[in-house]
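Proteins get letters first, then strands, A, B, ... in listed order; numbering begins at 1 in each.
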Amino acid sequence: MVSNFIRQIIEADNASGKHGGKVVTRFPPEPNGFLHIGHAKSICVNFGIAKDYGGVCHLRFDDTNPVKEDVIYENSIKEMVEWLGFTYQPNLFHASDYFDTLYAFAEHFIERGLAYVDSQNAEEMRAHRGSFEKPGVNSPFRDRSVDENLTLFREMRDGKHADGAHVLRLKIDMASPNMNLRDPAIYRIRHVEHQRTGNKWCVYPLYDYTHCISDAIERITHSICTLEFEAHRPLYDWVLARLVESGKLPSPSPQQIEFARLNINYTVMSKRKLLELVETGAVNGWDDPRFWTLAGLRRRGYTPGSIRLFAERTGASKAHQWVDMADLEGALREDLDPVAARAMVVLDPIRVVIENWPEGKTEECSAPVHPKDETRGRRTFQFAREVFIEREDFMETPAKGFFRLTPGAEVRLRYGYIIKCERLEKDASGKVTTIYASYDPATKSGTPGGRNVKGAIHWVSKSDGLQAEVRLYDRLFTVENPDDQPGDYKDYLNPNSLVKVNAWCEPSLRNAEPGQSFQFERNGYFTPDRVESKRGVLVFNRAVTLKDGWKP
RNA sequence: AGGGGAGUCGCCAAGUGGUAAGGCACCGGAUUUUGAUUCCGGUAUGCGUAGGUUCGAUCCCUUCCUCCCCUGCCA
């Protein structure tokens, strides 16, 4: 386990007995969108740390803004957390579980003269907030009496005022250099039905006020979030300190710790841009396999283990991360290589006719399901007169170092026979349409003492091969950081990010199901598309290519 | 009257006063009927910059530079 600054804080707290050795973290998504790889990182950090220190991690939906939130997002988020391999039961919570307490605490702040109802509109509040260089000025409503504040706040709660008419603010310091401390709003009026509390409330608490109190109620020990909340920490601490000093909340309070969010090159991650790409049809839905949403990654063939490995490798720090897409791909290869069943699939077929093989004859060949695990058994397929090989495994005029099929030369059809290219047939444009070859009957794969050649390529015979659609994905954008380019980020979409091909597959793939991962030998890792692949109509997604060490 | 953070190999990332871990990538070499995997070996006289303190500095002090975040009744 790699050390990082968060673990150091926890270990120091455990050593001093600050929380009695307990570690309780939380993953607090707002149910207003789908999870992406950045959230996965946060999930792995929070659940991972809890697990490593014998603690628990809560899943808490930050559902304080009913105008933006929806249960469909909540369900999707739960599904993805589970898919990643983490268990949140019985620690599933909602900020809305605490609305009663939050409200009572708000009255408590009013009674202590630490909160007031402000009747300025949003524009006036903004104008009075000042700027980075200039202090703000107090609201004309700042000195309302406790009774007046209480009365007004209760009226707000009781639906006597329109949206935006008033807001409840903490009375801190309008001159603070930290904008978050310039009398932050903590309650606003929203006559909107809430997905969980229905029409019980028409005032809803804001994030800064809600989050810290929710953490404290759940006895979270370490509240891990991203860097942009650093400037909110003084407010987080201020609210809890006031509640602790009046005995409303226990001590010690949770500690907010911020780490750098994850960025990955050749993609965009903001909710707004993801939504725009979906709505403009640049991609096909939230689970498009080119998206780094978790739904997209899953559909593409990424495994939970690969994402956990990736999260572990990228670590947690306060320096801004800009991680190579290749690192995620590497983690997938590493996760899949030891377990993925192998199969031969020709993605870009070229016909080969073996002229000295009798018409109509077939012969069984076999190969291990996994080359390093014979207990997984073997798969079988036919050798026949007519087979398909990969177009890129043939070169009419071979480049230096090319040791696959070439005119007059030999190559092994993996698990089958050695063949020799005798002559070619081309169409009008010069494209090779058929390779005529001969085979050497003494070279069947596995023949003791048999001769061998340098090259071995994959193939599928026409006699028992299956046809399938295979979707080849590439990076969604052509530049490392689409957000940092002149013009619109959408100008940099990769027009070749999806290429569909008709492939020939060995028969063992007949019953392939979504959720299964296969290594198509010498090509990459593929999975049946969970939406469109069916028995008899196979559709595979390429999750990632194999590493290719060949350079001409 | 601004405040808060960050800068260690191509990408991540430990170390925080005793002479630069590790991973990924990359480069060699071995094995290989996947140009994959696996296995061996290699890769920062250097820690944003310039000074200072010290026997000794990535670490402490000072200067400067670069980047990120903060003025929602979003989270």
Side-chain angles (χ1 to χ4, degrees), chain A residues 2-5 28-30 32-33 62-65 67-69 95 118 120-122 125-127 129-136 163-169 175-182 184-190 203-204 206-208 210-211 225-234 258 260 262 265 271 309-310 312-327 330-331 333-334 337-338 342 344 367 371-372 401-404 411-416 418 443 445-446 450 452-458 519-524 545-551:
Chain A
V2 182
S3 170
N4 64 45
F5 78 103
E30 182 186 15
N32 73 339
D62 231 326
D63 56 348
T64 57
N65 189 358
V67 309
K68 288 188 172 180
E69 296 151 7
D118 195 347
Q120 299 181 103
N121 61 36
M125 272 182 64
R126 189 179 324 119
R129 190 154 31 232
S131 68
F132 293 142
E133 291 77 27
K134 284 201 303 256
D163 286 7
H166 310 283
V167 65
L168 185 69
R169 292 228 256 174
S176 172
N178 183 340
M179 302 300 272
N180 297 120
L181 263 21
R182 317 244 268 224
I186 61 171
Y187 263 93
R188 78 297 221 182
I189 303 170
R190 288 283 181 277
V203 290
Y204 294 98
L206 278 93
Y207 168 83
D208 283 305
T210 307
H211 201 84
C225 62
T226 43
L227 251 25
E228 67 268 28
F229 292 101
E230 256 170 336
H232 294 244
R233 186 169 4 110
E258 312 86 13
L262 171 72
N265 55 17
K271 276 176 190 165
L309 178 61
F310 172 72
E312 186 183 315
R313 279 184 180 166
T314 53
S317 72
K318 300 193 74 143
H320 294 84
Q321 295 191 327
W322 202 271
V323 179
D324 278 346
M325 197 179 78
D327 289 359
R333 293 190 189 101
E334 187 164 326
D337 178 68
R342 310 285 130 127
M344 292 201 290
K372 292 185 178 172
F402 185 80
F403 52 74
R404 280 110 96 163
V411 77
R412 173 173 291 283
L413 295 186
R414 207 160 144 71
Y415 312 119
I418 291 173
T443 58
S445 183
N452 215 353
V453 291
K454 174 92 171 144
I457 63 175
H458 57 98
Q519 186 198 90
F520 291 179
E521 299 192 29
R522 303 207 312 130
N523 265 320
T545 61
L546 241 37
K547 217 157 71 171
D548 186 358
W550 186 61
K551 296 171 220 71

Next on the checklist: By the 4.0 Å heavy-atom rule, please label Ala316(A) as base, sugar-phosphate, or nothing.
Outcome noted: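 Result for Ala316(A) = sugar-phosphate.
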
Checklist entry - So which nucleotide from rU71(B), rA1(B), rA14(B) ends up closest to the side chain of Asn4(A)? => result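 Nearest to the side chain of Asn4(A) among the choices is rA14(B).
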
Checklist entry - Whole Å only: how far is the CG atom of Asn265(A) from the C1' atom of rG10(B)? => result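 The distance from CG of Asn265(A) to C1' of rG10(B) comes to 12 Å, rounded to the nearest Å.
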
Checklist entry - Does the ring of Tyr207(A) lie flat against the base of rA75(B), closer than 5.5 Å centre to centre with planes under 30°? => result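 No, Tyr207(A) does not stack on the base of rA75(B).
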
Checklist entry - Under 5.5 Å between ring centres and under 30° between planes: true for Tyr187(A) and the base of rC73(B)? => result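 Here Tyr187(A) fails the 5.5 Å or the 30° condition.
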
Checklist entry - Across the strands shown, which category fits His211(A) at heavy-atom distances under 4.0 angstrom: base, sugar-phosphate, nothing? => result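 Nothing, no nucleic acid heavy atom in range.
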
Checklist entry - Quick one: is Gln321(A) getting a side-chain N or O under 4.0 Å of the rA13(B) phosphate, OP1 or OP2? => result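 It does, given that an N or O in the side chain of Gln321(A) lies less than 4.0 Å from OP1 or OP2 of rA13(B).
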
Item to check | Least distance between heavy atoms, His211(A) atom then Asp62(A) atom | outcome: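 Shortest heavy-atom contact: ND1-OD2, 2.8 Å.
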
Between protein and nucleotides 4-7 of chain B, what N or O pairs are separated by less than 3.5 Å?
unit_1, atom_1, unit_2, atom_2, d
rG5(B), O2', Glu230(A), OE1, 3.3
rG5(B), O2', Glu230(A), OE2, 3.3

Next on the checklist: Parallel, tilted or perpendicular, judged at 30° and 60°: which one describes the rings of Tyr207(A) and Phe229(A)?
Outcome noted: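 Tyr207(A) and Phe229(A): tilted rings.
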
Checklist entry - Do the side-chain N or O atoms of Arg126(A) get closer than 4.0 angstrom to the phosphate oxygens (OP1, OP2) of rC73(B)? => result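 No, because none of the side-chain N or O atoms of Arg126(A) sits under 4.0 Å from OP1 or OP2 of rC73(B).
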
Next on the checklist: Between Ser176(A) (side chain only) and Leu181(A) (backbone N and O only), is there a donor and an acceptor less than 3.5 Å apart?
Outcome noted: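 Checked: no pair found.
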
Item to check | Contact summary for Gln321(A) and Ala260(A), nearest pair of heavy atoms | outcome: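 Closest approach of Gln321(A) to Ala260(A): N-CB, 4.4 Å.
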
Next on the checklist: When the P atoms of rA75(B) and rU66(B) are compared, how many Å lie between them, rounded to an integer?
Outcome noted: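 It works out to 35 Å between them.
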
Item to check | rG28(B) versus rA36(B) - spacing of their P atoms, nearest Å | outcome: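 Taking atom P in both rG28(B) and rA36(B), they lie 12 Å apart.
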
Checklist entry - Is it true that Glu521(A) and Arg414(A) have a side-chain N and a carboxylate O under 4.0 angstrom from each other? => result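 Between Arg414(A) and Glu521(A) there is a salt bridge, with a charged N closer than 4.0 Å to a carboxylate O.
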
Checklist entry - How far does the P atom of rA20(B) sit from the matching atom of rU43(B), given to the nearest Å? => result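 About 13 Å, rounded to a whole number of Å.
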
Item to check | Separation of the C1' atoms in rA44(B) and rC11(B), to the nearest angstrom | outcome: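 Pairwise C1' distance, rA44(B) against rC11(B), rounds to 15 Å.
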
Checklist entry - How is the base pairing of RNA chain B summarised as a dot-bracket string, given the Watson-Crick and G-U wobble criteria with both distances under 3.5 Å, [ ] for crossing and | for another strand? => result .(((((((.[[[..)..(...]]].(((((.......))))).....[.[[[..)....]]].])))))).....

Next on the checklist: Treating Asn121(A) as the side-chain partner and Gly164(A) as the backbone partner, does any N or O pair qualify as donor plus acceptor under 3.5 Å?
Outcome noted: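 Side chain of Asn121(A) to backbone of Gly164(A): no pair is present.
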
Next on the checklist: Please give the distance between the P atoms of rG42(B) and rG23(B) as a whole number of Å.
Outcome noted: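 After rounding to an integer number of Å, I get 12 Å for this pair.
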
Next on the checklist: Over all strands shown, is Met344(A) touching base, sugar-phosphate only, or nothing at heavy-atom distances under 4.0 angstrom?
Outcome noted: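 Nothing: the residue Met344(A), judged by heavy atoms under 4.0 Å, touches no strand.
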
Next on the checklist: Please tell me if Arg182(A) has a side-chain N or O lying less than 4.0 Å from either OP1 or OP2 of rC70(B).
Outcome noted: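 It does not, given that no N or O in the side chain of Arg182(A) lies less than 4.0 Å from OP1 or OP2 of rC70(B).
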
Checklist entry - Is rG7(B) in the syn or the anti form, by the rule that syn lies within 90° of 0? => result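 Judged by the O4'-C1' to base torsion, rG7(B) sits in anti, the angle falling more than 90° away from 0.
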
Checklist entry - When you measure from the side chain of Ala122(A), which nucleotide among rG3(B), rC70(B), rC73(B) comes out closest? => result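 Closest nucleotide to the Ala122(A) side chain: rC73(B).
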
Next on the checklist: Within the 4.0 Å heavy-atom criterion, would you say Ser176(A) contacts the bases, only the backbone, or no part of the nucleic acid?
Outcome noted: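 It contacts base atoms.
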
Checklist entry - Less than 4.0 Å between a side-chain N and a carboxylate O, is that true for Asp337(A) and Arg342(A)? => result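 The answer is yes: the pair qualifies as a salt bridge.
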
Next on the checklist: Work out how far the C1' atom of rC26(B) is from that of rC68(B), and round it to whole angstrom.
Outcome noted: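 Roughly 30 Å separates the two C1' atoms.
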
Checklist entry - Asn65(A) has a side chain; which of rC12(B), rA75(B), rA1(B) sits nearest to it? => result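 Among rC12(B), rA75(B), rA1(B), the one nearest the side chain of Asn65(A) is rA75(B).
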
Item to check | Sugar-phosphate, base or nothing in reach of Asn121(A), heavy atoms under 4.0 Å | outcome: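 Here Asn121(A) touches the bases of the nucleic acid.
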
Checklist entry - Using atom C1' of each nucleotide, how far apart are rU38(B) and rU32(B) to the nearest Å? => result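 Taking atom C1' in both rU38(B) and rU32(B), they lie 9 Å apart.
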
Item to check | Contact state string [nucleotides 24-40 of chain B, B base, S sugar-phosphate only, - no protein heavy atom under 4.0 Å] | outcome: S-SS-----BBBSBS--

Next on the checklist: Over all strands shown, is Thr314(A) touching base, sugar-phosphate only, or nothing at heavy-atom distances under 4.0 angstrom?
Outcome noted: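 Sugar-phosphate, backbone atoms only, no base.
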
Next on the checklist: When the P atoms of rA13(B) and rC55(B) are compared, how many Å lie between them, rounded to an integer?
Outcome noted: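 That atom pair is separated by 36 Å.
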
Next on the checklist: Is there a side-chain contact between Ser317(A) and the phosphate of rA13(B), meaning an N or O under 4.0 Å from OP1 or OP2?
Outcome noted: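 Checking Ser317(A) against rA13(B): at least one side-chain N or O falls below 4.0 Å of OP1 or OP2.
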
